[in-house]
Number of protein chains: 2
Amino acid sequence: MDEFALIARIRERLKTDDPRVRLGVGDDAAVIAAPRDDVVVSVDAVVEGAHFDRRWLSWRDVGWRGMVGALSDLAAMRARPVCALLSLVLPDDLGEEAALALVDGAAEAAHAHGASIVGGNLARGPVVSQHTTVMGEAAHPLTRSGARPGDAIYVTGTLGAAALGWRLLAADAADDGPSFVARWRRPRARFDALPWLAHASACVDVSDGLAQDLGHLCAASGVGAALELPRVPVEPDHHAVAAAHGLDGDVLAASGGEDYELVFTCPASLDGPFTCVGEILEGEGVELRDADGRVRLLDASGHRHFG
Amino acid sequence: MDEFALIARIRERLKTDDPRVRLGVGDDAAVIAAPRDDVVVSVDAVVEGAHFDRRWLSWRDVGWRGMVGALSDLAAMRARPVCALLSLVLPDDLGEEAALALVDGAAEAAHAHGASIVGGNLARGPVVSQHTTVMGEAAHPLTRSGARPGDAIYVTGTLGAAALGWRLLAADAADDGPSFVARWRRPRARFDALPWLAHASACVDVSDGLAQDLGHLCAASGVGAALELPRVPVEPDHHAVAAAHGLDGDVLAASGGEDYELVFTCPASLDGPFTCVGEILEGEGVELRDADGRVRLLDASGHRHFG
């Protein structure tokens with residue numbers, strides 16, 4: 001791979017006419033017009049071998065997923081996306097077309113969510129890794145730490161779908177649930193939910209799994225939570241497809257990662273396209289209650305990010 | 001390594017009282033108070049094996065160098081540093097103390113330049129890599145593309161010192177030039193030079209080597225340049241130490257990377273703590289002129305970043 005030729009091709013693809021971007025890819029740094037609101041920044045990474053396997057995804061999917069995983073953290077902060085930077089490590093033998101497909105997937109995901117890639121870096125290394133920094137703005141950023149006892153807990157969308165899709169791929173059974181596989185390969189960050197968060201007290205995105213991410217929110221807020229497992233929303237065929245593969249649909253819904261749905265808490269009762277799944281309590285930790293109200297312990301406690 | 005224990009220790013170290021940082025490490029994203037000026041962002045990476053070898057640096061040095069390499073791009077844009085994010089890939093067997101030393105080195109470099117680390121990510125992988133995103137602000141960002149024929153070319157500091165230090169390390173001869181080794185291990189970004197850039201027309205930092213980085217500036221500006229090799233400033237013992245190791249001091253000064261000095265152009269003649277090394281010309285490319293005014297071709301054309 002010739003560094004400068006590849007960089008020139010990448011630059012060509014990353015041109016943007018977003019008026020917020022005063023200077024995009026190609027100089028020592030990018031320049032973004034002074035935002036009116038607070039700036040919200042986060043970085044996320046995917047590493048070949050730890051987070052994905054080449055057999056399960058196209059390079060375009062890898063780029064898309066890496067970008068969405070990062071953008072989702074902005075949604076959880078109630079921030080609007082502005083721009084992203086991409087730092088890639090690519091093995092010598094990867095080939096220029098694979099590198100461009102990865103960049104294209106990341107750029108496609110950025111555009112689909114209203115952001116532009118404005119900078120990046122290329123380096124050589126033994127496995128592919130993608131480090132995505134995202135920048136957004138928020139008039140009133142929402143944190144993990146504002147939940148109070150008595151708040152209701154809501155989630156957007158359906159849960160466990162990405163985890164089920166990943167398990168189908170790993171079992172070479174993608175045809176048994178293509179919609180689940182698509183949820184894992186092409187997740188969306190829930191910026192469409194930002195208006196629903198107007199009265200939220202705290203929020204986190206589901207990257208590690210509902211129980212674990214809710215646990216992070218509780219720890220940051222100094223509270224506990226009761227999570228009602230039967231209320232956790234899943235896709236209509238979730239339990240049937242899971243059972244056909246010997247998987248527990250409830251465990252997947254409560255602990256499966258990478259759905260990038262939002263979990264938020266609210267002192268008031270809300271109506272809208274989201275689901276109440278429990279309540280914030282005094283104390284600490286997340287209690288998982290089954291249909292009979294009994295406390296249930298999950299055997300899979302979620303997905304560890306550092307892996 | 002336990003992910004959450006390590007993250008907790010890192011968070012403890014990265015607490016900041018910078019009033020610009022509304023929310024630092026620990027939530028889904030960091031929040032920076034709305035800047036008055038344009039936001040300038042860049043990302044840079046160092047990968048073990050490609051950019052450094054464990055024998056030549058402490059982990060603290062690795063973290064420091066990675067941070068300075070990124071910050072230097074802000075200086076080249078005439079931007080003041082605000083904050084940084086660190087995405088690290090760490091092998092399983094690295095050990096928590098090495099990881100913390102790397103973070104400490106990066107944080108030390110950030111603080112030394114007036115920035116705070118406000119976020120990051122940890123992932124596992126076969127070799128260490130550090131991806132550093134930096135954010136600054138600038139009322140009037142300076143680009144690479146404003147140089148015009150007739151502009152004088154200036155450089156800050158001395159050049160070739162880091163490259164000489166790296167070669168001494170690689171030759172197991174660090175004792176022959178400890179000050180050069182220190183220049184490679186502990187570079188500084190030249191934010192102190194920002195006031196001198198008030199009338200500059202273009203700027204780039206010396207990461208790949210003076211001739212190559214000036215070449216990037218010329219290409220972006222659509223101009224050529226004449227670089228007078230005898231005027232390129234070097235340390236007093238540069239030529240003697242280089243010669244003692246069979247190296248050409250002029251080649252090191254013109255093509256050695258990682259000094260993180262600034263090269264800038266200016267339509268007016270300037271006096272100050274920097275050195276005029278040549279002139280912007282019509283045309284394209286960088287002509288290197290020796291003491292007799294003859295055009296000289298370098299045998300080492302600089303350092304390729306994608307390596």
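By convention in this document, chain letters (A, B, ...) are assigned in the order of the sequence lines, proteins followed by strands, and residues within each chain are numbered from 1.
Only the side chain of B/V118 comes within less than 4.5 Å of a heavy atom in chain A; its backbone stays farther off. Interface residue B/D27: backbone and side-chain heavy atoms are both found under 4.5 Å from chain A. Neither the backbone nor the side chain of B/L217 has a heavy atom closer than 4.5 Å to any heavy atom of chain A. For A/A30, the parts sitting under 4.5 Å from any heavy atom of chain B are the backbone and the side chain alike. For B/P35, the parts lying near chain A are the backbone and the side chain together; criterion is any non-hydrogen pair under 4.5 Å. Of the two parts of B/R144, the backbone and the side chain both hold a non-hydrogen atom closer than 4.5 Å to a non-hydrogen atom of chain A.
With contacts defined as side-chain heavy-atom distances shorter than 4.5 Å, the pair A/T133/B/M135 does not qualify. In this structure, B/L262 and B/Y154 have side chains that are not in contact, with every pair of non-hydrogen atoms separated by 4.5 Å or more. A/V39 places none of its side-chain heavy atoms less than 4.5 Å from the side chain of A/I32.
Comparing B/C203, B/G120, B/G119, B/G136 by heavy-atom pairs within less than 4.5 Å of chain A, the highest count is held by B/G120. When B/C83, B/G26, B/A29 are compared by the number of non-hydrogen pairs under 4.5 Å with chain A, B/A29 comes out ahead. In terms of heavy-atom pairs under 4.5 Å with chain A, the best-connected choice from B/V46, B/V41, B/D37 is B/V41. Ranked by non-hydrogen atom pairs under 4.5 Å with chain B, the options A/L23, A/D205, A/V127, A/D38 are led by A/D38.
The backbone N or O of B/V134 lies less than 3.5 Å from no partner atom in the side chain of B/S42, so there is not a single donor-acceptor pair.
Distance check, rounded to the nearest 0.5 Å: CG of B/D44 to CG of A/L85 gives 11.5 Å.
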Does the pair A/V89 and B/H131 meet the rule for a side-chain contact (heavy atoms from CB on, under 4.5 Å), with working shown?
-> CA-CA 10 Å; A/V89 177; B/H131 303 258; 3.4 Å; yes
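In summary, B/R54 and B/E48 engage in a salt bridge, as defined by a charged side-chain N under 4.0 Å from a carboxylate O.
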